[in-house]
Structure formats: C-alpha cells, structure tokens
Amino acid sequence: MDYQKLADLLFPDVTETPADLEARFPARQLPEGAKVTRFAPSPTGFVHFGGLFPVLVGERLAHQSGGVFYLRIEDTDARREVPGAAESLITTLEKYGIHFDEGAILGSDGKVTDTGIYGPYKQSVRGSIYHVYAKQLVRDGLAYPCFSTDEELEELANTDKKAEIKNMDWENQAAARKQAMLAQRDFTMEQVEAELAAGHAFVLRILADGDGEKKVVNTDLIRGKIEMPVNDEDFVLLKSDGIPTYHFAHAVDDHLMGTTHVIRGEEWLPSLPKHLQLFNYLHFRLPKYMHISQIMRLDENGNKKKLSKRDMGANLNDYARMGYCADAVVEYVLTLLNSNYEEWRTANPALPYTDFPFNIKKMSSSGCLFDFNKLNDVSKNVLSRMSADRIYDETCVWAEDNDPELYAHLTADPDYAKSIFAIGRGGKKPRKDFTVFGDVKPYLDFFYDDLFTVKDALPEGTDMADVAAAIAAFKDTYNEADDTNAWFDKVKAIAESLGYAADMKAYKADPAAFKGSVADISAFLRLAVTGRQNAPDLYTVMHLLGRERTFARLDSFLG
RNA sequence: GGCCCCAUAGUCAAGCGGCUAAGACGUCGCCCUCUCACGGCGAAGGCGUGGGUUCGAUUCCCGCUGGGGUCACCA
C-alpha cells in the first residue's frame, strides 16, 4: 500500500504539514513551572455544578503558577449543540469570577469569538488543522479510511451492541465486532478510489497497535500510577463529516495550544489509553493528566449516583436562583477539592480564596456526595463575613431578579438598608442570620412600615394590663440619647415596678416569687416593635426605626 | 460481562506500621443570654470483609464484597 498516495487521495486539499503548524503555533514562552490549563466544555446546555471542579482546579493551578488558563469550546457534535449554550456558559462562569486569559470570549455582538494566538478556540472551525495531522497519520500508515457505517459493521459481525450489554454475552460478540472492524483495514487502493468516486463518505480510524495484552502506564496527578491495557480498538478519528472526535481533537488541540495539565472528570479515565496512543502516533509530548472524581448524589435506594442534569443543584445557574452567592458555592467546592481549605479559611477569614495555596496533593481520589448542609454552613459563613455594603449590593442583585418588592425597598433608601445590614456585622463573631439571600426579607421586613406585620402572639396567659403599663412606662422614660446600658436599666426598672424580676438569676432561682422577669417585659416591647418574638438587639432596632416610628408601633400594638 | 477507579462515623475528611483514630457539617444535651443570631462546653457515631507480611496493621500485598465509571461517527 502506498500510504502517501492514499493520504493525497483522502486529503487532496491539505497542503500544510505538521511542521507548518508547529511554526504557526510556536511553544509558549513561560517561566519555569508555569502551568497551562484549560476548560474545554461542549456547548450542550447549562454549566453543570460538577464542571466547577475542573474549572477551579485549572484556574488555580494556572494562575498560581504564573501560567495560562484558557477556554476552548468543544463543539464537534452539531447534533447535541444547544444554540446559545456557549454564550451563556461564558456568562455563567463570569458570575463565578472565573477569569480566562485567552480562548473563547464574548464579542461585542454577544456572540462567541476569541482572543489569543493559539486559536481559533472553537473546534468546529479548526477543521483544516485536524486534517493536516490526519493526513500525516494516513501517510504514516497509522490511520485508514473506513467506508462502512456502524450499523453495517454490526451487521457484518452479526451483533447488536445494546443487546450485548443487556445479555452480557459481551465477549464473543465484541470479538466478532472487532473482526468486522479489522476487516476494514484490508482495503486496496482500487477499492478506496471506487468508494470515493461513488461519493461515499468515510470515517478515519486509527490503526491500533492491537496488543490488548500489553499494559500502558500513566501517572495520574491525583491517583498516581495507573496501568491499563494498551488500546487495541480502531476508534474513529474523523467522523464522516470530516469533524474530529473528542479523542483526536484533544490530542491536536492540547498539543498545539501548549496545555501542560489536562484536568478533566474521571469518566475520561477509560479512554486514556486511546489518548496515550494518539500522542505517541503523533509524536506529541504528553501532558500531565489529572482525573477528578465526580460529585454524587443519593438516589431513592440510597446508592450514590452521578449528579445528573435533572437533579436539583445540577445547573450552576440554579444556585443564584436559590439565593446562594457565587462565592459561597466556590468556597464549598474548594472545601471538597482541598481538604485543608477550611482550616486555612478559619485562620484567614478576610483573605480572598485566591490567596489559598491550592495543592494537588490535598485532592481526594474518591467521589463525594453533594451535601446541602455543608453548603449552607459555608454559605452562612461567607455571608456573615461580608461588609454591610457588600451584602447590600449582593442582596440587591439577587432581589432584582427574584424579589422585586424587596429590591424596591432596599434601593429606595440604600443608607437605611445598609445600616440594617450592619447590625451585628463586622466583628469577630458576626451574626449569621442568612444562609441564602431569600433569608434577608423575613429577617428585616419589619424595618419597613408597609412590610411590618405582627407575626407572633403574646404568650398564653399574658396580663394585658402589664403589657399596657410596661409600654406606657417605657414611653415615659424613653430617651434616644441613652446608651444601650442606660436603656436597658430603664427596662429593668419598669420590670421591677410591675413586680417582674429585673435580675434573671434571681428570677431563675425562684420564679414563683415574681410575676415574670425582665425577659417578659422585653418580649412585650419586642413584639410590639418588631412584630415577632425573635429579633436582633432591640435597642439598635429602635434607634434605626427612630423614636416616632417606635412609638407609633407601641401605640398601635395596644390597639 | 471486560477494563478501570474508589473504600476511615449520616456527610466531607486527617492519618501515611505503634495514636485514648484529628477536625468540619449535621444530630442531641448543657452553658452564656432580655429574645434571636453568635460564642463556649460536651455526647452519640467510624477504619466493609477474609487472608497474608510484620513483634505490631486503619496504614503494605492479595482475594472477596460493596459503590462508581466506561465499553459511540457524544463529549
């Protein structure tokens, strides 16, 4: 077989050589140790929560080492492509603060375009590049055209793949299939010419070494040494429309774009031998591989399952809707990614997560279960650490889309709203009232007259005369200039005058000796002013509301 | 079924041959406290299993079991 002739026959339009491409895309000039990583999603829908794992790892590794993090769109399957998915993907990641140094970006027209000298970064428009290498493989006798469709192949082998799996009579049928595929290798130049002349399409298959008994070894950055059978399957390189499969595109792109570390989900592990073989055939330097465990969920039977598209929390955009701020989600993922992250966070509450020394060695090789409890805890802490200004801004962004009423109130008087958010915030032990932004409104609605309602009731058996007396006395002695201690001393005095214990210890020691305690008096006031039994520090609340509104509520409470 | 990955409490996890087997979330109890939210203290709960190796295994090796992934002209 004259491989050169075959190559020309198959790819008559390809005039460039791999050497030309190498010259066009010279190696990157980066400092020693700099890592080049990428996120390479296929635009088939929303960004999956699990996608955040490789994204964060890639981003940290690249930027921590002074390297490059780029975005490549793997749109080689037109049938699965969802219009606008690439665009929304970029927008979503942006909201999570993920910055790409090069690759696919959003143009001024809102469409995907790109930036960087190793492009284009959309695989669908890199066809001619793949063909250069495809031609080389054919010329080297390492790839061949196959004119049979998958169905025809199965017919030849008298098998049905789906049935094989079900019947589990895999081995024999798989062997038959393989035989049928192998038969395709035995073509003659005349046959190829005839097929091409007839206008038949072909797929380009790799000519696999064929010794599945031998092992190939690779050192995974997380799992260590992995030993697998050498690839012996003539897998497809180029589909019949000339577009490459993932495997081929991965090899060519990551080589040309200078990727040093391939970070991807563990579902790729089984196809690693294919990639090792391809890099070898192509004489490409092998990147380092890291296969990340998948995030799981629990199904009805209590088994772990991959967090799939339809599951709650699978869509990264869901979190914004549910009221989680992007930082919290990122922080949660980081705690799963690096086991010492939480420890670091506790020691460095104020630093941005980008200051955390991300370490591959601290990554776990087993898949973990998604845990809303933990996310909630992380989120609560993230929100509690924010400044009043920041949480005001974040809440507004959320409320604009999800709670117009709240949004209107917050933005009507930003300073007032911020002073509400400032309650118990900023110290070493900040209040932790919010897990999600949806918690904000029920927490602070009573600060707004038109949202204020009396939600809770006085305890059973409360003496209304005492309530009225307490409120009257409170109004009589109220002085806005009082500090919190002076204020509370007056409340205590009122309690005492009504036969309620001013000292809680005394009350607890002998409850029967009093009608109640200062806690009860406070509860009366709190209920009147906030409409509920539980609220932040009453003194502060009253000062934010102001004397007039405080009194108005005290008055209307009595009816 | 073949191949591959994984295996410490309900969850996430330290551990890397000798420990009363860290810590976090969740759960429960107590304390603090004018309520709440914090904060503090404490409790319950764990090395899947059988063989080796070793003076000694959670730790190293093998089998088993369990869970997961994968086996496309999808990525």
Side-chain angles (χ1 to χ4, degrees), chain A residues 40-44 74-77 79-80 123 146 149-150 161 164-174 201-205 212 220 222-223 226-229 233 235-241 243-247 249-250 264-273 291 293-294 296 298 302-306 332 335-336 339-343 345-346 362 364-378 380 384 423-424 427-434 443 456 488 491-492 495 502 504 517-523 525-527 530 532-539:
Chain A
S42 55
T44 54
E74 310 228 322
D75 54 346
T76 54
D77 185 3
R79 288 168 310 172
R80 290 209 316 154
Q123 292 183 330
C146 171
T149 66
D150 206 34
K161 220 161 191 183
E164 285 170 29
I165 296 177
K166 274 187 188 152
N167 298 336
M168 293 198 247
D169 181 18
W170 182 277
E171 222 159 325
N172 291 333
Q173 301 201 48
F202 65 89
V203 298
L204 192 72
R205 288 183 184 276
D220 184 272
I222 297 177
R223 289 154 214 276
I226 292 175
E227 207 176 81
M228 300 176 88
E233 181 193 336
F235 63 93
V236 173
L237 261 20
L238 251 27
K239 298 182 254 185
S240 54
D241 57 3
I243 302 286
T245 56
Y246 169 88
H247 311 297
H250 153 53
R264 55 174 27 167
E266 67 178 342
E267 71 271 20
W268 288 109
L269 217 37
S271 46
L272 185 59
H291 293 91
S293 308
Q294 300 280 289
M296 317 286 255
L298 233 41
N303 288 325
K304 282 185 178 181
K305 279 283 170 300
K306 195 155 107 176
Y332 170 57
T335 65
L336 294 177
S339 49
N340 57 331
Y341 182 80
E342 281 188 272
E343 196 183 320
R345 172 50 80 202
T346 306
K362 293 287 184 182
S364 169
S365 53
S366 52
C368 62
L369 236 36
F370 183 92
D371 184 1
F372 262 109
N373 275 330
K374 190 69 185 185
L375 202 217
N376 286 340
D377 181 63
V378 170
K380 195 187 258 194
S384 78
I423 297 172
K428 273 190 177 164
K429 295 172 184 174
R431 293 184 66 91
K432 298 179 179 176
D433 297 294
F434 315 132
Y443 168 79
D456 296 334
F488 192 57
V491 176
K492 282 195 207 168
M504 286 307 286
S517 73
V518 65
D520 298 309
I521 302 298
S522 294
L525 296 170
R526 184 175 301 107
L527 193 65
T530 69
R532 60 187 73 182
Q533 290 180 336
N534 300 328
D537 175 54
L538 236 202
Y539 172 82

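Below, chains carry the letters A, B, ... as their sequence lines are ordered, and counting in each starts from 1.
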Side chain to side chain donor-acceptor pair (under 3.5 Å) involving [X] - partner list, sequence neighbours excluded:
X: N376(A); answer: Y324(A)
X: R431(A); answer: D433(A)
X: K362(A); answer: none
X: D371(A); answer: none

Selection from [options] that lies nearest to any side-chain heavy atom of [X]:
X: K306(A); options: rG69(B), rC25(B), rC73(B); result: rG69(B)
X: D77(A); options: rC25(B), rC74(B), rG15(B); result: rC74(B)
X: K304(A); options: rC73(B), rG68(B), rA37(B); result: rG68(B)
X: D371(A); options: rC25(B), rA75(B), rG68(B); result: rC25(B)
X: R205(A); options: rA75(B), rG26(B), rC73(B); result: rC73(B)

Check nucleotides 3-9 of chain B against the protein and report each pair of N or O atoms closer than 3.5 Å, with its distance, or say if there are none.
| residue | atom | partner | partner atom | Å |
| --- | --- | --- | --- | --- |
| rC5(B) | O2' | R223(A) | NH1 | 2.3 |

Partners of [X] by ring-ring contact (aromatic ring centres under 6.0 Å, His included), sequence neighbours excluded?
X: F488(A); result: none
X: F434(A); result: Y443(A)
X: Y539(A); result: W487(A), H543(A)

Worksheet item: Which base sits across from rG48(B) as a Watson-Crick or G-U pair, both distances under 3.5 Å?
Response: rC64(B)

Fill in: Side-chain touch E74(A)/P244(A), heavy atoms, less than 4.5 angstrom
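Side-chain contact under 4.5 Å: no.
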
Practice prompt. Name all residues meeting the side chain to side chain contact (heavy atoms under 4.5 Å, CB included) criterion together with P273(A); count only those two or more places apart in sequence or in a different chain, and write none if there are none.
Written response: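 Partners of P273(A) by the side chain to side chain contact (heavy atoms under 4.5 Å, CB included) criterion, ordered by chain and then number, come out as V216(A), M228(A), N231(A).
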
Worksheet item: Excluding sequence neighbours, so at least two apart, what forms side chain to side chain contact (heavy atoms under 4.5 Å, CB included) with Q533(A)?
Response: D456(A), P459(A), L527(A)

Restricting to nitrogen or oxygen on both sides, can you table the protein-nucleotides 28-35 of chain B pairs closer than 3.5 Å?
| residue | atom | partner | partner atom | Å |
| --- | --- | --- | --- | --- |
| rC34(B) | O2 | S522(A) | OG | 3.1 |
| rC34(B) | O2 | R526(A) | NH2 | 2.9 |
| rU35(B) | O2' | Q533(A) | O | 3.2 |
| rU35(B) | O2' | N534(A) | OD1 | 2.3 |
| rU35(B) | N1 | R526(A) | NH2 | 3.4 |
| rU35(B) | O2 | R526(A) | NE | 3.3 |
| rU35(B) | O2 | A535(A) | N | 2.9 |
| rU35(B) | O2 | A535(A) | O | 2.9 |
| rU35(B) | N3 | A535(A) | O | 2.8 |

For nucleotides 40-48 of chain B, list the nitrogen or oxygen atoms of the protein found under 3.5 Å from its nitrogen or oxygen atoms, one pair per line.
none

Item to complete: Assign R532(A) to base, sugar-phosphate, or nothing according to its heavy-atom contacts below 4.0 angstrom with the strands shown.
Response: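 Here R532(A) touches no strand at all.
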
Worksheet item: What nucleic acid atoms does T76(A) come within less than 4.0 Å of, heavy atoms only: base, sugar-phosphate, or nothing?
Response: sugar-phosphate

Worksheet item: Using a cut-off of less than 4.0 Å, is there contact between a side-chain N or O of K380(A) and OP1 or OP2 of rC38(B)?
Response: yes

